[in-house]
**Student:** 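One structure, as structure tokens, below. Some questions next.
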Protein chains: 2
Amino acid sequence: MKENTGKSKYVILGMLARMPLTGYTIKKWIENEYSHFWQESYGQIYPSLKKLVSEGLAVSSDNTGTGNGRGQIVYSITDAGRKELSDWLREEPEIEKLRYEILLKVSFGGNTEPEVLLGHLDDFIRRNEKLVKDMNGYMERFEALKVQGTDCTYSQLTALCGVYIYSAMRDWAVMAKEIISEKEVDLG
Amino acid sequence: MKENTGKSKYVILGMLARMPLTGYTIKKWIENEYSHFWQESYGQIYPSLKKLVSEGLAVSSDNTGTGNGRGQIVYSITDAGRKELSDWLREEPEIEKLRYEILLKVSFGGNTEPEVLLGHLDDFIRRNEKLVKDMNGYMERFEALKVQGTDCTYSQLTALCGVYIYSAMRDWAVMAKEIISEKEVDLG
DNA sequence: CCATAATATATCATTTAGATATATTGGTCA
DNA sequence: TGACCAATATATCTAAATGATATATTATGG
């Protein structure tokens with residue numbers, strides 16, 4: 001049996017702490033709301049869920065007849081699970097792991113034409129522009145919920161981080177384009 | 001034999017394109033200068049180097065007697081390797097993968113005391129503060145090289161990106177601390 | 001009522017990360 | 001001089017994470 005002592009376990013526990021979920025929903029949520037700082041694949045989620053149950057940190061309920069049910073398995077957190085989550089939250093977070101392929105390509109830019117990089121940077125700017133918009137959308141939605149009395153401070157903070165990250169990346173890319181273009185002019 | 005068609009191959013080619021290197025030096029360079037946007041482990045580097053040689057994209061020279069040589073294997077890129085690198089540079093970069101564990105913990109903050117988060121954020125701010133300084137140091141070093149006539153535009157751009165990312169993260173964390181503290185006051 | 005998109009679970013082959021084993025060399029300091 | 005430690009260097013193994021795919025059901029739109 002696989003060990004699976006990575007972070008996936010805690011992500012899932014954290015999500016189940018809010019409400020019971022299916023593996024599929026967990027995946028969708030991470031894609032939609034966490035994607036700017038975390039990602040998980042089905043290959044981790046489904047085995048992790050089984051492991052959580054076997055460790056007594058979650059329980060599974062077979063809801064074959066509920067509403068939109070298609071043999072879906074809904075998982076809920078246990079008290080032991082909450083304890084495990086709480087203990088992990090106290091531990092110092094590990095240093096973040098990033099893989100920005102565009103930076104790799106910029107770094108090796110001397111091995112291609114500047115136009116290639118400028119093209120990649122254009123795409124990158126457009127993408128980050130859109131992401132900033134998305135994150136601001138989340139911010140507003142959370143703000144509206146707050147007015148209604150639902151506290152979303154922590155979720156809102158992660159959206160805010162998205163705004164900061166994506167804005168910074170966009171600004172950098174704009175600056176990078178300028179510098180590369182100027183360099184071109186100097187040479188030509 | 002393993003397939004190994006990931007990105008490691010191209011990172012190594014990109015580095016060898018500048019100068020011949022040993023696996024160990026490649027690892028050190030990535031740790032020192034690329035760590036804010038990329039990481040590789042020995043478990044990828046050494047097998048990848050062998051694969052590059054077997055594919056004719058690099059050649060290895062056994063320098064057992066050179067200077068500080070301890071049976072070190074120096075790898076150089078071939079013309080085929082340069083072609084491969086150049087082709088890859090043209091491809092659209094993949095979407096970046098990030099894992100910010102601190103954001104996960106902030107997101108699940110409702111399951112612990114605010115003080116725990118504030119503590120993590122303090123560490124995070126300190127770390128990013130230092131990283132901004134480091135990146136600015138790199139910037140200056142590259143600027144000095146430029147004055148001497150050595151063109152480091154592309155490396156400098158990645159350092160600049162580091163400045164942007166780490167500054168943004170620090171600013172966000174400062175803001176996050178404020179918001180969490182205010183929330184505390186409101187409740188208390 | 002058919003096609004298609006979304007829901008849902010599951011697994012497999014790669015790819016990546018992290019830890020460790022091993023050995024040599026260079027420098028320090030008692 | 002030798003004892004010791006840090007840095008250099010190659011290599012491999014386990015575990016974790018990714019990406020792709022197989023399979024089936026249900027909801028909905030025309």
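Bear in mind that the values here come from a model prediction, so they are computed numbers and not experimental data. Chain A is the first sequence line, chain B the second, and so forth, proteins listed ahead of strands; every chain is numbered from 1.
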**Student:** Quick check on contacts: within residues 23-33 of chain B, what sits under 4.0 Å from DNA chain C by heavy-atom distance?
**Tutor:**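 None, since no heavy atom is under 4.0 Å.
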**Student:** Whole Å only: how far is the CD1 atom of I45(B) from the C1' atom of dT16(C)?
**Tutor:**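 It works out to 12 Å between those atoms.
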**Student:** Nearest whole angstrom, please: distance from the C1' of dA17(D) to the NZ of K7(A).
**Tutor:**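 Those two atoms, NZ and C1', are 13 Å apart.
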**Student:** For a quick test of reading the model: is some side-chain N or O of Q72(A) closer than 4.0 Å to OP1 or OP2 of dT7(C)?
**Tutor:**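 Result: no.
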**Student:** Please tell me which of Y42(A) and W38(A) maps to the more 5' nucleotide of DNA chain D, matching each residue to the nucleotide holding its nearest heavy atom.
**Tutor:**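 Per heavy-atom nearest nucleotide, the more 5' residue is W38(A).
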**Student:** Identify, with sequence neighbours excluded, every residue that meets side chain to side chain contact (heavy atoms under 4.5 Å, CB included) alongside D171(B).
**Tutor:**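 For D171(B) the side chain to side chain contact (heavy atoms under 4.5 Å, CB included) partners, ignoring immediate neighbours, are Y164(A).
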**Student:** Figure out the CG/P separation between L21(B) and dT8(D), and round it to whole Å.
**Tutor:**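 Rounded to whole Å, this separation is 14 Å.
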**Student:** Under the salt bridge (Lys or Arg N to Asp or Glu O under 4.0 Å) test, which residues partner K130(B), sequence neighbours left out?
**Tutor:**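 Result, salt bridge (Lys or Arg N to Asp or Glu O under 4.0 Å) vs K130(B): D134(B).
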**Student:** For K133(B), which residues count as a side-chain hydrogen bond (donor to acceptor under 3.5 Å, both in side chains) partner, sequence neighbours excluded?
**Tutor:**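 Once residues adjacent in sequence are excluded, K133(B) has no partner under the side-chain hydrogen bond (donor to acceptor under 3.5 Å, both in side chains) criterion.
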**Student:** Parallel, tilted or perpendicular: which one describes the rings of F108(A) and W88(B), with boundaries at 30° and 60°?
**Tutor:**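 Answer is tilted, since the angle falls between 30° and 60°.
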**Student:** Residues in side-chain hydrogen bond (donor to acceptor under 3.5 Å, both in side chains) with N111(A), at least two apart?
**Tutor:**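 For N111(A), no residue satisfies side-chain hydrogen bond (donor to acceptor under 3.5 Å, both in side chains) once neighbours in sequence are set aside.
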**Student:** Without decimals, in angstroms, what is the distance between Q44(A) CD and dT18(D) P?
**Tutor:**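 Rounding to the nearest Å, CD of Q44(A) and P of dT18(D) are 5 Å apart.
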**Student:** Output all residues satisfying side-chain hydrogen bond (donor to acceptor under 3.5 Å, both in side chains) with R82(A), sequence neighbours left out; order by chain, then residue number.
**Tutor:**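 For R82(A) there are no side-chain hydrogen bond (donor to acceptor under 3.5 Å, both in side chains) partners, ignoring immediate neighbours.
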**Student:** Side chains of T158(A) and S155(A): is there a donor and an acceptor less than 3.5 Å apart?
**Tutor:**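 Their side chains do not contain a donor-acceptor pair, so the 3.5 Å distance test is not met.
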**Student:** Report, one line per pair, each donor and acceptor closer than 3.5 Å where one atom sits in a side chain of residues 89-96 of chain B; sequence neighbours left out.
**Tutor:**
{"from": "R90(B)", "atom 1": "NH1", "to": "E113(A)", "atom 2": "OE1", "distance (Å)": "2.9"}
{"from": "R90(B)", "atom 1": "NH2", "to": "E113(A)", "atom 2": "OE1", "distance (Å)": "2.9"}
{"from": "R90(B)", "atom 1": "NH2", "to": "E113(A)", "atom 2": "OE2", "distance (Å)": "3.4"}
{"from": "E94(B)", "atom 1": "OE2", "to": "K7(B)", "atom 2": "NZ", "distance (Å)": "3.0"}
{"from": "E96(B)", "atom 1": "OE1", "to": "R127(A)", "atom 2": "NH2", "distance (Å)": "3.1"}
{"from": "E96(B)", "atom 1": "OE2", "to": "R127(A)", "atom 2": "NH1", "distance (Å)": "3.1"}
{"from": "E96(B)", "atom 1": "OE2", "to": "R127(A)", "atom 2": "NH2", "distance (Å)": "3.4"}

**Student:** Write down the distance between CD (E40(A)) and P (dT9(C)), rounded to a whole number of angstrom.
**Tutor:**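 Result: 16 Å.
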**Student:** dA11(D), OP1 or OP2 - any side-chain N/O from Y46(B) closer than 4.0 Å?
**Tutor:**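 So the side-chain polar atoms of Y46(B) never come under 4.0 Å of the phosphate oxygens OP1 or OP2 of dA11(D).
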**Student:** Does a side-chain N or O of K50(B) approach OP1 or OP2 of dT12(D) to a distance below 4.0 Å, or not?
**Tutor:**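 So the side chain of K50(B) is within the cut-off, an N or O lying under 4.0 Å from OP1 or OP2 of dT12(D).
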**Student:** Which of residues 87-108 of chain A sit near DNA chain D, with a heavy atom under 4.0 Å from it?
**Tutor:**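 Those residues: none at all.
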**Student:** Looking for any heavy atom pair under 4.0 Å, which part of the strands does S41(A) touch: base, sugar-phosphate only, or nothing?
**Tutor:**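 Base contact.
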**Student:** Is any side-chain N or O of T22(B) closer than 4.0 Å to OP1 or OP2 of dT8(D)?
**Tutor:**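 No, no such contact exists.
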**Student:** For R99(A), give me all partners under salt bridge (Lys or Arg N to Asp or Glu O under 4.0 Å), at least two apart in sequence or on another chain.
**Tutor:**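 Partners of R99(A) by the salt bridge (Lys or Arg N to Asp or Glu O under 4.0 Å) criterion, ordered by chain and then number, come out as E40(B).
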